[in-house]
Amino acid sequence: MIEYNRYSWWRAVFSFRGTALPRAVGRVAIFTLYTATIQTALEVGTRLGWFDEHAALTLDPVAHSVLGSLLGFLIVFRMNGSNNRYWEGRSHWGMLINCSRNLVRVGSAHTDTGAELAGLVTGFVITLRQSLHGSRDLTEAGDYVPAEVVRTAERFGNQPTAVSAAISAWIAREYRAGRFGPELVRHMEDLLSKMVDAQGGCEKIQKTPLPFVYATMIKQLILAYLLTLPLVLAERCGWWSPLLMAVVSLGLFGMEEASVETEDPFGKDENCLNLEQFTLTIARDAGQLAAAASPR
């Protein structure tokens, strides 16, 4: 996720890194060249008398604007859907951060093994991050959780589930040792359940993309709109048509690319959520809470 100064208007305007330009510039150039070709054909054909100036290579702008209105509605729907998924993903990780702090804080205050709990909680969010990135590497998590938990997680299809089971086992062990009462066990299990619910919410977002029929329809309508736009602009705008096409196509392709990138907030693109930073936050806070509560 790119950190930027939201009040620096000019710097944002002239940014290239992290924008839709790298992905859209090729298509923008193609349609700009296509518009220039249409404009050249109109100018040459009119001068040579190949066709009537007011009848050839033109479309009714009113009819074309109907398609533009429909396309605008669909793009807004697409962007809103992607933004909702992005914010929902951030909310789930916010829940993970809060519940991790509370779980370690309570557990460390009532036992002498808070460091073990902090390691398990950190291992849980690390394995979740790795899972969302499509990785099963447990090397980093192995620095925080016991070796037997790592071996168990390797056999699980969903590795964070194995670590959450280890956290439950830690709570049960402390309860049997008489350090926790039933009320405290219920409270800690509720916190752990919220973390597992947040895990499920993240997996739902990642594994449920926008239906293919919607994504394809938007791309098809953008193509149809831009292919016919030069026939509306050519007679009315002259050689300004290629420039107008560049601006319009950049807007359409840019908004679509922005929606595609933010649709999966857990990817590795520059505008995706910084899961590494969230993980470090949980690891730092869990470790500090456990260290502060431990006997000197």
- [ ] Take Tyr34 and Leu226 through the test side chain to side chain contact (heavy atoms under 4.5 Å, CB included) and record every step on the way to the result.
- [x] CA-CA 10 Å; Tyr34 164 72; Leu226 294 180; over 6 Å; no
Open item on the list: In the structure I gave you, are the side-chain heavy atoms of Phe278 and Val125 within less than 4.5 Å of one another anywhere?
Closed with: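 Not touching, per the 4.5 Å side-chain cut-off.
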Task: Phe124 and Val145, any side-chain heavy atoms less than 4.5 Å apart - done: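 No, too far: nothing below the 4.5 Å cut-off.
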- [ ] Verify the cluster assignment for Ile167 and Phe156: are they in a single hydrophobic cluster under the rule of side-chain heavy atoms below 4.5 Å apart?
- [x]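 No, it is not one cluster - the side chains of Ile167 and Phe156 are not joined through contacts under 4.5 Å.
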Open item on the list: Treating Arg78 as the side-chain partner and Phe73 as the backbone partner, does any N or O pair qualify as donor plus acceptor under 3.5 Å?
Closed with: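 Not at all, since once roles are kept as given, no pair shorter than 3.5 Å links the two residues.
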Open item on the list: Would you say the ring centers of Tyr175 and Trp170 fall short of 6.0 Å from each other?
Closed with: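 Between Trp170 and Tyr175, which both carry aromatic rings, the centre distance is not below 6.0 Å.
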Task: Flag side-chain contact, heavy atom, 4.5 Å: Pro242 against Leu233 - done: no
TODO: Could you pull out the closest heavy-atom pair between Ala286 and Val104, with the gap in Å?
DONE: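 That closest heavy-atom pairing would be O-CG1, 3.5 Å.
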Open item on the list: In terms of relative ring orientation, are Phe31 and Phe253 parallel, tilted or perpendicular, with 30° and 60° separating the classes?
Closed with: tilted
Task: Charged N-O contact under 4.0 Å between Glu257 and Arg27 - done: yes
Open item on the list: I'd like to know whether CH2 of Trp239 has more than 12 heavy-atom contacts from other residues, nucleotides or ligands below 6.0 angstrom.
Closed with: yes
TODO: Any chance you could lay out the side chain to side chain contact (heavy atoms under 4.5 Å, CB included) test for Ser168 and Leu192, step after step, and finish with the verdict?
DONE: CA-CA 8 Å; Ser168 280; Leu192 180 58; 3.1 Å; yes
TODO: Tell me whether Phe266 is reachable from Leu210 by hopping between hydrophobic residues (I, L, V, M, F, W, Y) whose side-chain heavy atoms are closer than 4.5 Å.
DONE: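 The answer is no; the residues belong to distinct hydrophobic clusters.
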Open item on the list: Quick check for you: to the nearest 0.5 Å, what is the distance between Leu221 atom CG and Thr216 atom OG1?
Closed with: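 Going from the CG atom of Leu221 to the OG1 atom of Thr216 covers 11.0 Å.
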TODO: Only counting residues at least two apart or in another chain, list the ones meeting salt bridge (Lys or Arg N to Asp or Glu O under 4.0 Å) with Glu154.
DONE: none
- [ ] Tell me whether Leu273 is reachable from Val260 by hopping between hydrophobic residues (I, L, V, M, F, W, Y) whose side-chain heavy atoms are closer than 4.5 Å.
- [x]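 Different clusters: Val260 never reaches Leu273 through Ile, Leu, Val, Met, Phe, Trp or Tyr contacts under 4.5 Å.
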Task: Sub-4.5 Å side-chain heavy-atom contact between His110 and Met188 - done: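 No - every pair of side-chain heavy atoms lies 4.5 Å or more apart.
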- [ ] With side chain to side chain contact (heavy atoms under 4.5 Å, CB included) as the test, would you mind laying out the steps for Arg136 and Gln130 before giving the verdict?
- [x] CA-CA 6 Å; Arg136 291 181 57 85; Gln130 294 286 70; over 6 Å; no
TODO: State plainly whether the residues Lys219 and Glu256 are in salt-bridge range, i.e. N to O under 4.0 Å.
DONE: yes
- [ ] Could you check Ile205 against His92 for side chain to side chain contact (heavy atoms under 4.5 Å, CB included), going step by step and ending with a plain yes or no?
- [x] CA-CA 10 Å; Ile205 294 173; His92 288 315; 4.1 Å; yes
Open item on the list: Between Arg101 and Thr281, is there a side-chain heavy-atom distance shorter than 4.5 Å?
Closed with: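 Heavy-atom side-chain distance check passes, below 4.5 Å.
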- [ ] Answer whether the closest heavy-atom distance between the side chains of Gln39 and Met245 falls below 4.5 Å.
- [x]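 No. Closest side-chain heavy atoms not under 4.5 Å.
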- [ ] State, with a plain yes or no, whether a side-chain heavy atom of Trp93 is found less than 4.5 Å away from one of Leu132.
- [x] yes
Task: Pairwise side-chain contact, Met195 with Val121, heavy-atom cut-off 4.5 Å (strictly under) - done: yes
Task: Donor on one side chain, acceptor on other, Ser135 and Asp137, under 3.5 Å - done: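 Result is no, nothing qualifies.
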Open item on the list: If the threshold is 4.0 Å, N to carboxylate O, is there a salt bridge linking Arg23 and Asp269?
Closed with: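 Looking at Asp269 together with Arg23, the answer is yes, because their closest N to O distance falls below 4.0 Å.
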Open item on the list: We want to know whether Glu174 and Thr113 form a side-chain donor-acceptor pair, criterion being a heavy-atom distance below 3.5 angstrom.
Closed with: yes
